[in-house]
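Accompanying notes for the structure given below.
It should be emphasised that the depicted structure is a prediction, and the values quoted were computed from it without experimental measurement.
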Amino acid sequence: MPRPARQAVRVPDATSLTLTFFTRPVLVVARELLGKTFALKSGDAFLAARIVETEAYQSDIDHASHAFRGRTPRNSPMFGPPAHLYVYRSYGIHHCLNVVTTHDGGPASAVLIRAMEAREGEAVMAKRRGTDDHWALLRGPGNLCQALGIDLSFNGRDLLPGDPTLLDAPPPPEPVIVTTRIGISRARDLPWRYYLAGNPAVSRRDRRAELAAR
């Protein structure tokens, strides 16, 4: 499958997603976040990136969820309200960005943003990452947080509309690939990872699934 063309887009005037978008089952939100734009101001720069890979986590049936054993000071953002960020440090090394979808009475749920494609402010991202490889800039949870300057100070931030925010976009033209999650040791059989077929920014592609989706 050929690599998708890099597009110059104007995203500052796009419409932010509403609370209704996030107040739905986490598997629905995880899939429909694909193609949406994550945007924030960083100093004098405006940074924006298109989401191309996500994973869902839900406390009640998911042993890999941080909230599976109940609420703690670390995972408390996962318990709601929706449309907030849950940011944590993984293995004491890098940060991971999650979007909370929990609604009143529902299980603690969040979507991990695994990979994005830079759209605005790429020079700032490249300097932070020490690479000018467009497709590698935001490939993987730790890399995208480094490129966007996301750390624990973002934990619990409101997305409505706020800064950062998630901007709406038409459904992506690429097929959506559904696979099991990666980089975890528990609940590895759940098909809760979603990504845009053929996108080189995806952290790990399933070539067989992509061929079947054509």
Side-chain angles (χ1 to χ4, degrees), residues 4 6-17 21-22 29-30 32-57 66 74 77-78 82-101 110-169 172 182-183 193-196 199-204:
R6 293 170 57 175
Q7 300 177 9
V9 296
R10 288 179 54 84
V11 294
D13 298 328
T15 302
S16 295
L17 297 173
F21 178 91
F22 301 97
V29 178
E32 293 191 11
L33 276 173
L34 295 176
K36 302 296 189 277
T37 298
F38 183 86
L40 74 161
K41 295 178 182 177
S42 184
D44 295 330
F46 178 84
L47 308 182
R50 181 178 185 241
I51 298 173
V52 299
E53 181 184 4
T54 63
E55 284 181 347
Y57 290 86
H66 286 180
R74 182 200 191 200
M78 286 190 69
H84 283 67
L85 297 182
Y86 169 43
V87 178
Y88 63 88
R89 187 187 294 273
S90 179
Y91 300 109
I93 301 173
H94 57 258
H95 296 94
C96 294
L97 172 67
N98 300 261
V99 176
V100 177
T101 67
V111 178
L112 171 67
I113 309 301
R114 283 204 60 90
M116 297 193 238
E117 179 188 342
R119 288 299 180 87
E120 299 282 348
E122 185 167 342
V124 174
M125 301 180 202
K127 183 176 181 180
R128 289 173 174 168
R129 288 274 289 110
T131 178
D132 58 1
D133 184 338
H134 173 78
W135 300 110
L137 280 178
L138 301 108
R139 181 190 294 141
N143 290 336
L144 70 86
C145 283
Q146 181 183 9
L148 297 172
I150 292 173
D151 55 23
L152 293 179
S153 69
F154 284 78
N155 190 34
R157 286 203 191 180
D158 192 348
L159 292 166
L160 299 176
D163 177 30
T165 190
L166 277 160
L167 303 174
D168 202 1
I182 58 180
R193 181 168 76 105
Y194 306 88
Y195 75 86
L196 296 181
N199 193 289
V202 170
S203 56
R204 186 186 302 173

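A distance of 4.5 Å separates CZ of Phe22 from CG of Leu166, quoted to the nearest 0.5 Å. We find the OG-CG distance between Ser42 and Leu47 to be 5.0 Å, quoted to the nearest 0.5 Å. Arg89 contributes atom CZ, which lies 10.5 Å from atom CZ of Arg74 (distance to the nearest 0.5 angstrom). Rounded to the nearest 0.5 angstrom, Leu34 CG and Asn199 CG are separated by 10.0 Å. Interatomic distance, Leu40 CG to Ile150 CD1, rounded to the nearest 0.5 Å: 6.0 Å. A distance of 14.0 Å separates CG of Asp132 from CE of Met125, quoted to the nearest 0.5 Å.
Annotation: side chain to side chain contact (heavy atoms under 4.5 Å, CB included) contacts of Cys96 (sequence neighbours excluded): Tyr88, Ser90, His94, Asn98, Leu112, Pro141. Under the rule for a side chain to side chain contact (heavy atoms under 4.5 Å, CB included), the partners of Arg157 that lie at least two apart in sequence or sit in another chain are Leu85, Ser153, Phe154, Pro164.
Taking every heavy atom of both residues into account, Gly35 and Leu196 meet most closely at N-CD1, 4.3 Å. The minimum heavy-atom distance between His84 and Gly156, with the atom names listed, is CD2-O, 3.1 Å. Shortest non-hydrogen contact noted between Val52 and Ala201 is CG2-CB, 4.1 Å. Across all their heavy atoms, Ala118 and His134 have their closest contact at O-CE1, 3.2 Å.
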Let me see the working for Ile51 and Thr37 under side chain to side chain contact (heavy atoms under 4.5 Å, CB included), right down to the final yes or no.
-> CA-CA 6 Å; Ile51 298 173; Thr37 298; over 6 Å; no
Side chain to side chain contact (heavy atoms under 4.5 Å, CB included) evaluation trace for Asp168 with Phe21 = CA-CA 10 Å; Asp168 202 1; Phe21 178 91; 5.9 Å; no
Side chain to side chain contact (heavy atoms under 4.5 Å, CB included) evaluation trace for Phe38 with Leu167 | CA-CA 6 Å; Phe38 183 86; Leu167 303 174; over 6 Å; no
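Within a 6.0 Å sphere centred on CZ of Arg204, heavy atoms belonging to other residues, nucleotides or ligands number 12 at most.
Under the side chain to side chain contact (heavy atoms under 4.5 Å, CB included) test applied with Leu137, the options Glu122, Arg128, Met116 reduce to a single match, Glu122.
Proximity of a side-chain donor or acceptor of Asn143 to a complementary backbone N or O of Leu138 within less than 3.5 Å is not detected. Judged by distance alone, with hydrogens and angles left aside, the side-chain atoms of Asp163 form a donor-acceptor pair with the main-chain N or O of Lys41 at under 3.5 Å. Judged purely by atom type and a 3.5 angstrom limit, Arg139 has no side-chain atom pairing as donor or acceptor with the backbone of Leu144. The closest donor-acceptor contact from the side chain of Thr54 to the backbone of Ala30 lies under 3.5 Å. Remark: side-chain polar atoms of Arg119 are not paired, donor with acceptor, to backbone N or O of Ala49 under 3.5 angstrom. No donor-acceptor pair closer than 3.5 Å links the side chain of Lys127 to the backbone N or O of Ala123. Of the possible polar contacts, one joining the Thr165 side chain to the Leu159 backbone as a donor-acceptor pair under 3.5 Å is found.
Annotation: salt bridge (charged side-chain N to carboxylate O under 4.0 Å, His left out) contacts involving residues 46-57, sequence neighbours excluded, comprise Arg50-Glu174, Glu53-Arg114, Glu53-Arg193, Glu55-Arg114.
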